[in-house]
2 protein chains.
Amino acid sequence: MVHEPSAPAGRRVVEEERRGAGSGASLDDVARLAGVSASTASRALNNHPQVAAATRERVLTAAAGLDYVVSPEASRLAGGASRTRVAVVVPHLSRWFFGRLLEGLEAGLREEGGTTVDVLLFLVGDVGGRRAFFEHLPARRRVDAAVVVGFEVDEAERARLELLGVHIVSAGGPREPFPSVTVDDHRAGRQAVDHLVHLGHRRIALLASEDPDDRGPDLRSAAYRDALADAGLPVDDDLVVRVPFGGPGGADGMGRLLGLRHPPTAVFATADEIAAGAVRTLRRAGLRVGGDVSVVGIDDHPVAEMLDLTTVAQPVHEQGVAAGRMVRALVGGGGPGAVASRVLPTHLVLRGTTGPPP
Amino acid sequence: MVHEPSAPAGRRVVEEERRGAGSGASLDDVARLAGVSASTASRALNNHPQVAAATRERVLTAAAGLDYVVSPEASRLAGGASRTRVAVVVPHLSRWFFGRLLEGLEAGLREEGGTTVDVLLFLVGDVGGRRAFFEHLPARRRVDAAVVVGFEVDEAERARLELLGVHIVSAGGPREPFPSVTVDDHRAGRQAVDHLVHLGHRRIALLASEDPDDRGPDLRSAAYRDALADAGLPVDDDLVVRVPFGGPGGADGMGRLLGLRHPPTAVFATADEIAAGAVRTLRRAGLRVGGDVSVVGIDDHPVAEMLDLTTVAQPVHEQGVAAGRMVRALVGGGGPGAVASRVLPTHLVLRGTTGPPP
DNA sequence: GGGCGTCGTGGAAGCGCTTGCGGTGAGACT
DNA sequence: AGTCTCACCGCAAGCGCTTCCACGACGCCC
């Protein structure tokens, strides 16, 4: 010690003071109590085979008695093993999709590993926050890997991170040139719109989130156009409505659609939450959803079940789990080549909001 | 590094190799490049006033050139300032309430401070996970504070943490003897049930989440009984139904209620998500919600707006923000006494699912 | 014009741990 | 009984920083 404050009477008191809130016992304390050197104590605690069983026991007991916990910084600095730290970068948290995916991610990360991983949360709301994240890299030197959820990462950003030694995987966003787990949004869109087409609808509207920055290119909307084209149906611009993400947005959009001279007989919403808004507007207008007007969404959000909403389900939790496993594979061994990106399947869930045109 | 692979020709190459993925430049590198000692470099980087402006400039330039970032562990070990780390302990993430609260928390934490705080996420699903968390304290020595969201912490657990030097604050759970920010769930319950009573309902059912471990004592249910008692209404056990949290639970519960010989004319659900299920069952049964049967929930979940559900709103985001500020106050200065627990107000939001009894 | 504050800087110790290397004692040999 | 092995253990270096202290160089005063 440098300047022990003129030790008060009784080393007992000093002891009390040295530990106390926050500090905790040090490795030296443990070693002393166990009657060994710090080196041996360290080895015992780290399960090195070279320490005699009896000695290890003594050290472990001493450590337990003192309620000892290694200092992660010291340990890491000295080159010891340490838990892997992963950053989770999400644009939202109050939306079901992100929360649910994170639950899966957490599970995938901790699987069979015990609690050997620290999850750092980075909430990057808008594009600005996102850019700032990759620019200043608050995660730098703090994490071994980063999971980017639900948005696009450009090549420069990826390269930057990889160069700094942090692995990166993407989940729930667009396909990426680096390890990622996604669904095929274009296919999901097709499943939804094709369903409407097969039911016989000719005037199908698109209710799309205008969120420009989330999940990169809007494949779901692209699928709408493609499906119409394949069915030989024209794309009527009046039937394409962009709205803010969420129920109110969907409700407004549906209102606009109903105001048309030729309202659609079916609506494809790019997300269930938007579809929910549409359903509300239709009901208020006294229309029979699934009868007068059909509505289909994407995601299989819990609200879909409540509204009896036909939708295209995507495995959200599973995407998280898969991403978690990827991170473990990346960090725990193989380079970026060791893990294969995955595209998980989606499927149509038939419920009551779709039916043949009136 | 330890075993440099037999240095290839040219120190240039070696240099390249020394830095490269992950490692990055060290303080010494910066100092050397700037032509000063490590001490001065450190001081310059940490904005100590005692270093000459010109020198500081040189150091900063050198650091930028080398893309230098301090090693957080070394810095912390050596007693330097470091960003504060807070653990967020949540039982769920896919439920709107928790996600929304976390968004607020994040905002409250980062406010005006720049990105000077690290958020560690701990997902402790069930009671077991919760106990394990407090037992093994994975957060120990890793965080300066912990925010517990939406569940009760017993005195022993709290004491344990506090002793280890980690401040603890609770948000969105029950009131606690330590800094916490909550709403008055009993009052919220009263607002909901009193509303039904005032409308003239006499047979009011309770649809309560059976989740035993979330948010401690079930004050919302208690409020139901008290409100009935105050109104001179008997509590009919048939009208009290416990269901799993969520829409399907609410739907089932409502089904049970409708099967009664004397079904209720109004239903109080302890959460909007449960209420949503109830509404669905009622609609399917062909009943007019708000006419034949009234339904009121709590939370003002987004689904409430979509369903035109009368509810008691609670400020979720604000609870998070307030908790975030508390953490800052706790860590950045005053002890536990410096911050006052807060109980945020709730208010009835009148919508279409409630009306006088038929 | 030499004592003396100031300012700017370098040297060195040390934060709490891990680990390579060398040393010690107890058997196992010859 | 005198070596040679091992199996264990302690010593000390060092991870990358921060900071106390000392020190040289000025510029100031009386």
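As the structure is a computational prediction, the values presented were derived from the model and not from experiment. In what follows, chains are A, B, ... by sequence order, proteins preceding strands, each numbered from 1.
Among residues two or more places apart in sequence or in another chain, the side chain to side chain contact (heavy atoms under 4.5 Å, CB included) test is passed with A/Leu93 by A/Val90, A/Leu102, A/Leu121, A/Leu123, B/Leu102, B/Glu103. Under the salt bridge (charged side-chain N to carboxylate O under 4.0 Å, His left out) criterion, B/Arg58 pairs with no residue, sequence neighbours left out. For A/Ser37, the side chain to side chain contact (heavy atoms under 4.5 Å, CB included) criterion is met by A/Ser39, A/Thr40, not counting sequence neighbours. With sequence neighbours excluded, the residues forming a salt bridge (charged side-chain N to carboxylate O under 4.0 Å, His left out) with A/Arg325 are A/Glu111, listed by chain and number. Remark: B/Ala41 pairs with B/Leu27, B/Ala31, B/Val36, B/Val59 by the side chain to side chain contact (heavy atoms under 4.5 Å, CB included) rule, at least two apart or across chains. Under the salt bridge (charged side-chain N to carboxylate O under 4.0 Å, His left out) criterion, B/Glu176 pairs with no residue at all, not counting sequence neighbours. The side-chain hydrogen bond (donor to acceptor under 3.5 Å, both in side chains) test applied to A/Ser42 returns A/Asn46, not counting sequence neighbours. In this structure A/Leu60 satisfies the side chain to side chain contact (heavy atoms under 4.5 Å, CB included) test together with A/Leu45, A/Arg56, sequence neighbours excluded.
Out of C/dG16, C/dT18, C/dG10, the shortest distance to the side chain of B/Leu77 is found at C/dG16.
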Show the distances under 3.5 angstrom between N or O atoms of the protein and N or O atoms of nucleotides 4-6 of chain D.
none

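Direction of the helix axis in the helix from C/dG1-D/dC30 to C/dT30-D/dA1 shifts by 60° between the two five-pair termini, rounded to 10°.
With rounding to whole Å, A/Asp28 atom CG is found 14 Å from D/dA12 atom P.
Within the structure, the side-chain hydrogen bond (donor to acceptor under 3.5 Å, both in side chains) test picks out the following pairs touching residues 60-81 of chain B (sequence neighbours left out): B/Arg76-B/Ser82.
Of the residues in residues 41-53 of chain B, those with a non-hydrogen atom less than 4.0 angstrom from any atom of DNA chain C are B/Arg43, B/Gln50, B/Val51, B/Ala52.
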